Amino acid sequence: MVRLAAAALVSGLVAAAALTGAGPAAADDGTAQSQSGATATMNGLKTYGAAVVHGDSGDEQVAAGLFEMSVDGGGTLQTYCVDLHNPAQRDAKYQETAWSGTSLGANKNAGNIRWILQNSYPQVNDLAALARKAGAGGLTEQDAAAGTQVAIWRYSDGADVDAVDPQAEKLADYLEKNARGQNEPQASLTLTPPAVSGRPGGLLGPVTVHTNASTVTVVPPSDASLSGVRITDKAGKPVTTARDGSELYFKVPDDAADASAELSVQASTTVPVGRAFTSASRSQTQILAGSSESTVAATANATWADQGAIPALSAEKNCARSGVDIIAANTGDKPFTFELVSTEYTIPAGSSRTVTVPLQEDQAYDFTITDANGLERRFTGVLDCKTQGADAGLATQTLSEPSPASVGGTASDVNLAATGGDSATGVITGVAIGLVVIGGAVLVILRQRENQQTD
């Protein structure tokens with residue numbers, strides 16, 4: 001019998017690590033779900049104004065506007081937050097993600113958010129025309145960014161929030177009132193299915209390319225020179241480029257030992273507006289507002305064996321069912337059996353099954369499946385499907401002393417601890433100050449004792 005080992009870590013452990021100065025836990029890039037689309041690093045909040053969030057505990061002022069991220073391999077993304085009460089972490093790694101893997105998947109207003117993105121700044125950069133539509137006297141970039149973010153929060157978080165600037169508030173009201181549902185945009189680049197399997201000596205696949213790029217580069221398995229595995233078309237002809245709709249196959253030699261291999265495709269394109277971006281460290285979820293020409297990539301793997309069960313394994317977050325789907329397809333001639341969360345599952349030869357692993361919100365997961373031939377597939381990540389309620393507070397978003405320098409303008413280096421940044425920053429600072437005070441008090445007491453002994 002094949003066993004699946006699972007380790008789950010609640011988010012409190014991540015928070016504890018942050019309080020001691022350690023970085024947030026992140027998934028191993030080499031073992032997480034198959035890559036699909038753009039991967040980027042959070043730079044910070046760049047163009048923003050101020051907003052006020054009204055809650056049961058009172059009003060709190062926050063920064064509201066556009067974030068900027070740097071794409072791995074080249075390119076820049078502009079994003080808005082769709083997770084108001086969760087902190088944004090500087091340098092957090094983000095991955096392009098389907099709405100179904102985020103809070104947007106269960107949000108009936110997600111389509112309205114995409115409409116807002118398509119009909120406001122920065123997609124609409126004629127601010128005079130935008131101001132006329134909104135009935136605003138005039139809009140700066142900061143007003144436009146703040147008003148757009150406020151309108152998005154009203155739909156993404158159900159927040160009672162207003163822009164501080166009157167013109168930005170008029171824009172927010174206009175966008176909220178006129179928003180109409182739009183469909184989720186397609187991924188910039190993805191491969192389906194992300195895993196295939198079969199016997200050596202034939203073509204394993206197809207794996208279909210889905211992209212908005214005109215062409216993609218096909219990168220063969222890194223060990224292809226040793227295994228003899230090639231990436232081909234349906235006729236078995238090697239391919240080095242592909243386009244949307246192309247079908248790719250793994251051509252495995254007859255004498256290949258039982259093993260697995262991975263192919264990747266890469267392209268340069270603009271990421272569609274409205275694509276979601278999530279972080280394994282649970283930095284606040286973002287939604288794309290604008291993209292430069294950027295590097296995107298996707299991966300798929302193949303497993304082959306001469307006999308027995310031959311599973312093709314993949315995983316994806318399923319926020320509708322509050323868990324992670326493990327998809328297992330068995331192309332072998334014997335059943336594939338594994339144990340998952342104390343339950344045994346059997347996939348008959350020639351069939352497939354999806355098993356949903358239920359998880360709590362913010363729970364980390366680490367699943368490893370080892371097949372009968374000793375090959376392993378590991379899936380890691382964090383389930384981040386919900387926005388936090390207003391009762392969670394806004395300590396990580398609050399601007400305690402608003403000023404023109406801190407709540408308006410285009411900034412090259414914003415303190416994210418005051419704008420949805422790492423919540424540990426303020427705590428660590430407070431602890432440090434406390435230690436300094438305690439240390440000073442100890443010195444005073446010691447000196448008093450020395451004086452008493454001298455007297």
Side-chain angles (χ1 to χ4, degrees), residues 1-9 27-28 30-36 98 100-101 105 190-208 221 227 229 249-250 252 254 256-263 299-360 363-383 385:
M1 182 179 71
V2 182
R3 293 188 175 273
L4 184 151
L9 305 175
D28 183 340
T31 57
Q33 281 75 247
S34 299
Q35 180 180 343
S36 180
S100 61
T190 190
L191 296 172
T192 59
V196 295
S197 64
R199 299 192 183 287
L203 300 179
L204 307 187
V207 174
T208 303
S227 65
V229 177
Y249 294 80
F250 292 80
V252 182
D254 293 343
D258 297 354
S260 65
E262 182 179 82
L263 78 86
T299 61
N301 74 84
T303 301
W304 58 90
D306 189 55
Q307 60 183 354
I310 316 174
L313 302 168
S314 60
E316 60 183 22
K317 296 177 185 178
N318 184 341
C319 286
R321 300 188 66 180
S322 299
V324 175
D325 287 342
I326 304 295
I327 302 98
N330 180 12
T331 59
D333 56 14
K334 292 183 179 181
F336 172 57
T337 301
F338 62 94
E339 186 177 288
L340 177 60
V341 193
S342 300
T343 302
E344 184 176 282
Y345 299 92
T346 297
I347 314 300
S351 64
S352 63
R353 183 173 180 179
T354 298
V355 177
T356 301
V357 183
L359 297 171
Q360 296 179 354
Q363 188 173 3
Y365 59 89
D366 190 344
F367 305 133
T368 299
I369 301 177
T370 304
D371 67 20
N373 300 302
L375 300 177
E376 293 186 349
R377 285 288 290 162
R378 184 181 176 195
F379 307 102
T380 67
V382 176
L383 189 72
C385 291

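Keep in mind that what you see is a predicted model, and the values were worked out from it rather than measured.
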Taking all heavy atoms of Ala305 and all of Asp258, pick out the closest pair and write down the distance. CA-OD1, 3.2 Å

Nearest-0.5 Å distance that lies between atom OG1 in Thr299 and atom CG in Leu263: 8.0 Å

Considering only heavy atoms from C-beta outward, does the side chain of Val324 approach that of Leu359 to under 4.5 Å? yes

Residue pair Ala300 / Phe250: nearest heavy atoms and the distance that separates them: O-CZ, 3.8 Å

Pairs involving residues 192-201, ordered by first then second residue, that meet salt bridge (Lys or Arg N to Asp or Glu O under 4.0 Å) (sequence neighbours left out): Arg199-Asp333

Side-chain donor/acceptor of Asn330 to backbone N/O of Gly332, under 3.5 Å: yes

How long is the span from the CZ atom in Arg377 to the CD1 atom in Ile326, to the nearest 0.5 Å? 10.0 Å

Residue pair Ser351 / Pro348: nearest heavy atoms and the distance that separates them: OG-O, 2.8 Å

Less than 6.0 Å separating the ring centroids of Phe379 and Phe367? no

Residues Ser260 and Thr303: closest non-hydrogen pair is CB-OG1, 3.8 Å

To the nearest 0.5 Å, atom CG of Leu204 lies from atom OG1 of Thr331 at 7.5 Å

Considering non-hydrogen atoms only, spot the tightest contact between Cys385 and Leu383 and give its length. SG-CD1, 3.5 Å

So Ile369 and Phe336, do their side chains get closer than 4.5 Å, heavy atoms only? yes

Sorted by chain and number, sequence neighbours left out, side chain to side chain donor-acceptor pair (under 3.5 Å) with Ser100 holds for none

Can you tell me how far the OG atom of Ser314 sits from the CG atom of Asp325, to the nearest 0.5 Å? 9.0 Å

In sequence, state the C-alpha distance, the side-chain angles, and the governing distance for Val229 and Trp304, and then conclude on side-chain contact (heavy atoms from CB on, under 4.5 Å). CA-CA 11 Å; Val229 177; Trp304 58 90; 3.6 Å; yes

Compare all side-chain heavy atoms of Asn318 with those of Glu316 and state whether any distance is below 4.5 angstrom. no

On a heavy-atom basis, the closest approach of Gly101 and Cys319 is C-SG, 3.4 Å

Separation between OG of Ser352 and CD1 of Ile347, rounded to the nearest 0.5 Å: 7.5 Å

To the closest 0.5 Å, what do you measure between CG (Leu191) and CG (Asn301)? 10.5 Å

With side-chain contact (heavy atoms from CB on, under 4.5 Å) as the criterion, how do Val355 and Phe338 come out once you've worked through the C-alpha distance, each side chain's angles and the decisive distance to 0.1 Å? CA-CA 11 Å; Val355 177; Phe338 62 94; 4.1 Å; yes

Residue set satisfying side chain to side chain donor-acceptor pair (under 3.5 Å) with Thr346, at least two apart, ordered chain then number -> Thr337

May I ask you to decide if Gly381's main-chain N or O and Lys317's side chain share a donor-acceptor pair within less than 3.5 Å? no

